[in-house]
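For reference, the structure is listed below as structure tokens.
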Amino acid sequence: MKMTKGKSMSKKIRTLAWAGIGISAAVFAAGCQKGAVHKAAPGLASDAAQQVYVAPGKHDELYGFLSGGFSGQVSVIGIPSGRTLKVLPVFSQNPENGYGYTEETKPMLNTSYGFIPWDDAHHPQLSQTNGEADGRWLFINGNNTPRIARIDLATFETVEILEIPNSSGNHSSPFTTENGEYLVAGTRFSVPIPQASIPIDGRKFKAAQSFVSVNKETGRMAVAFQILLPGFDYDKSHCGKGVSKDWAFFSTYNVEEAHTLKEVNSSQRDKDYIAAINWKKAEACVEQGKFQEVPGIHYNNHMDEETQTGTSEVRTTVKTLLPSDCPGVVYFLPTPKSPHGVDVDPSGEYIVGAGKLASLIPVHSFSKMIKAIEAKAFEGDAYGIPVLKYADVIAGEVDKPGLGPLHTEFDGKGNAYTSMFLSSEIVKWKLGTWEVLDRIPTYYSIGHLMVPLGDTRKPYGKYVIALNKITKDRYLPTGPELTQSAQLIDITGEKMKLLLDFPVIGEPHYAQAIPAEIIKSKSVKMYDLSKNHHPHAVKSEKETRVERKGKAVHIYMSTIRSHLSPDNIEGVNLGDTLYFHVTNLEQDWDVPHGFAMMGAQNAELLLMPGQTRTLKVVANRAGIIPYYCTDFCSALHQEMQGYIRVSPPGEKVGISYSTGKTADPDAAGI
Ligand code: RUQ
Ligand code: CUA
């Protein structure tokens with residue numbers, strides 16, 4: 001959680017200071033004071049209210065997608081208002097609509113570890129074509145049980161989840177190549193590959209960095225290949241663009257390979273690396289058969305559009321490429337002090353490292369890197385991987401930017417914005433001259449920041465959003481646990497201007513945003529009932545029925561304003577398993593119905609028009625059990641209900657029920 005994170009970071013700095021490594025106690029104290037509670041919000045623009053005010057009935061300018069962090073979900077907000085529009089269930093079960101509880105959606109959460117109903121979701125990434133966001137899909141990583149999810153931006157639903165084999169902490173993920181060929185997915189932890197029970201000294205650990213292919217038409221993902229790198233820790237990644245579009249960059253820390261007291265032992269050297277991977281070359285080597293097929297069990301779960309049902313496919317191996325079998329595929333760029341973020345500017349020439357513990361921001365030059373590679377000017381190698389010379393590849397350094405740089409975004413006008421966790425601010429600096437142009441405090445302890453489209457070739461450089469780790473006094477107190485906080489900042493002028501604070505859900509790490517126009521008109525309003533090929537769908541009330549199959553009772557139910565059909569079901573026995581296959585027959589926008597049964601052991605169903613979902617319930621109490629619609633759908637919503645008679649052992653009652661007449665929704669709906 002945020003407090004713990006803040007605390008552990010402070011502890012790390014203090015420990016380092018005592019160990020005499022780079023950062024003094026005075027600096028720690030300064031960071032600490034900054035992190036403390038500020039009084040007002042200095043620098044609030046006088047016209048801020050006008051800039052964020054979206055009049056009732058008016059739409060926001062941009063969609064924002066915030067990762068939920070430990071909530072496992074994604075929230076959709078409007079920018080500039082900061083209003084929450086929707087929470088999209090991704091890795092966590094969501095009782096509100098039954099995601100992860102229904103028979104159709106449960107398969108989405110299958111993994112090789114079993115059914116995992118939660119994850120830690122960090123980095124949303126919009127799909128790109130030619131380096132620009134195309135508004136088709138949003139990808140996001142599951143950090144804990146390595147997975148990548150794909151959300152369809154027409155329906156805003158999670159339609160695919162791919163498990164990443166042989167990865168341990170899918171953190172530097174999922175970042176797209178500029179034409180969407182691959183998502184890169186780096187592992188945070190190194191482990192034995194293949195997994196084995198061996199002493200934890202790290203010497204035999206390896207890191208599998210994955211390249212996930214994305215089908216251009218369907219979006220379907222697959223682990224194309226993995227590259228096996230030395231057993232360091234890997235933090236973030238980003239793909240190149242423009243001149244560097246064939247490359248991907250991963251930050252590393254703990255090149256010391258320490259596996260105890262990491263906060264001290266992994267920070268002994270003054271430089272770690274950024275790994276530069278030539279994915280085009282890797283792809284060619286794989287095509288030439290230079291890979292090994294190694295064990296790597298992983299699930300690929302997909303929501304079928306026609307049947308509206310999720311299925312899991314299991315794959316057992318993965319293609320693995322050893323750098324030694326593909327010379328030139330990877331190089332290390334020395335980068336000061338445990339780099340966290342690695343961000344590529346819109347031209348693709350500059351690669352910005354952000355050493356969490358460094359007192360400068362190093363910017364590498366892609367063209368200098370290529371020159372140094374061609375000249376074979378290496379300072380040595382690490383496990384056979386050539387290490388370039390810092391002086392050869394560095395384009396420039398931003399001097400004294402602040403403390404604790406984490407992430408950098410770009411405005412497309414030649415400026416970069418870096419978040420400073422310890423000094424709790426955003427620092428604006430100039431690409432090419434490296435001079436600091438402006439700084440603005442954030443409340444408090446910023447992690448990621450996001451300029452809409454700020455990691456594409458065409459940033460929408462109007463705002464930057466600060467995603468802060470500590471909230472303290474910014475809102476009314478809500479007991480020990482506080483919401484996390486975001487801040488909207490205007491970056492159109494010379495000086496950054498604070499416009500708005502808004503609370504967020506979970507812990508947004510990274511975020512993405514896209515002009516509303518790109519997505520809005522494609523938004524699906526309902527599912528077409530005539531195209532619903534769910535095996536248990538009903539197309540009209542005439543088809544609604546109850547069927548017994550041994551100890552299972554299948555209830556084919558429909559919802560339409562304002563009744564559930566069938567209702568008054570008899571002939572269910574104690575201990576029977578009930579399958580409520582419920583179809584919402586409505587064909588009108590924004591007319592969902594809900595379904596809940598007293599004592600159901602899972603959640604409700606929330607059915608969109610034209611959708612079928614199945615709730616599996618064990619009849620575990622004899623008597624008369626009510627069920628009803630949970631969504632206030634019409635003036636007669638409260639009439640949408642029914643009963644199930646559950647017979648105790650020994651009572652013999654045959655299946656019976658009553659079905660509704662086909663109602664005219666337009667006549668009934670109010
Ligand atoms: S990471 S700030 Cu995944 Cu930087 Cu969170
Ligand atoms: Cu349907 Cu309330």
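One-based numbering, in listed order, for ligands and for the atoms of each. In this chain, numbering begins with 1 at the start of the sequence shown.
Here atom 2 (S) of ligand 1 lies nearest to K469 when heavy atoms of H171, K356, R188, K469 are compared.
The name of the N, O or S atom in H122 nearest to atom 3 (Cu) of ligand 1 is ND1.
With a 6.0 Å cutoff to the six-membered ring centre and a 45° limit on the axis angle, K356 counts as a cation-pi contact of Y253.
Looking at every heavy atom in both residues, H340 comes nearest to K236 through O-CB, 3.2 Å.
Side chains of F91 and D120 form no contact here, defined as non-hydrogen atoms less than 4.5 Å apart.
In this structure, E507 falls outside the shell of residues with a heavy atom less than 4.0 angstrom from ligand 1.
The distance cut-off of 2.8 Å around atom 2 (Cu) of ligand 2 captures these protein N, O or S atoms, sorted by chain and number: C629 SG, D631 O, C633 SG, H637 ND1.
Distances below 4.0 Å separate heavy atoms of H340 from the following atoms of ligand 1: 1 (S), 4 (Cu). For ligand 1, the atoms closer than 4.0 angstrom to any heavy atom of H407 are 1 (S), 2 (S), 4 (Cu).
Qualifying side-chain contact (heavy atoms from CB on, under 4.5 Å) partners for P124, counting only residues two or more places apart in sequence or in other chains: S67, L138, I140, Y510, Q512. Scanning for side-chain hydrogen bond (donor to acceptor under 3.5 Å, both in side chains) contacts around D119 gives R147, with sequence neighbours left out. In terms of the side-chain hydrogen bond (donor to acceptor under 3.5 Å, both in side chains) criterion, residue partners of S210 (sequence neighbours excluded) are, by chain and number, Q226.
For H509, every N, O or S atom stays at 2.8 Å or more from atom 3 (Cu) of ligand 1. Among the atoms of H448, no N, O or S atom is found under 2.8 Å from atom 3 (Cu) of ligand 1.
Of the N and O atoms on the side chains of T583 and N532, not one donor lies less than 3.5 Å from an acceptor on the other residue.
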- Message: Using side chain to side chain contact (heavy atoms under 4.5 Å, CB included), reason through F410 and N415 one step at a time and then give a plain yes or no.
- Response: CA-CA 6 Å; F410 308 91; N415 304 309; over 6 Å; no
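Aromatic ring centroids of H448 and H123 lie under 6.0 Å apart.
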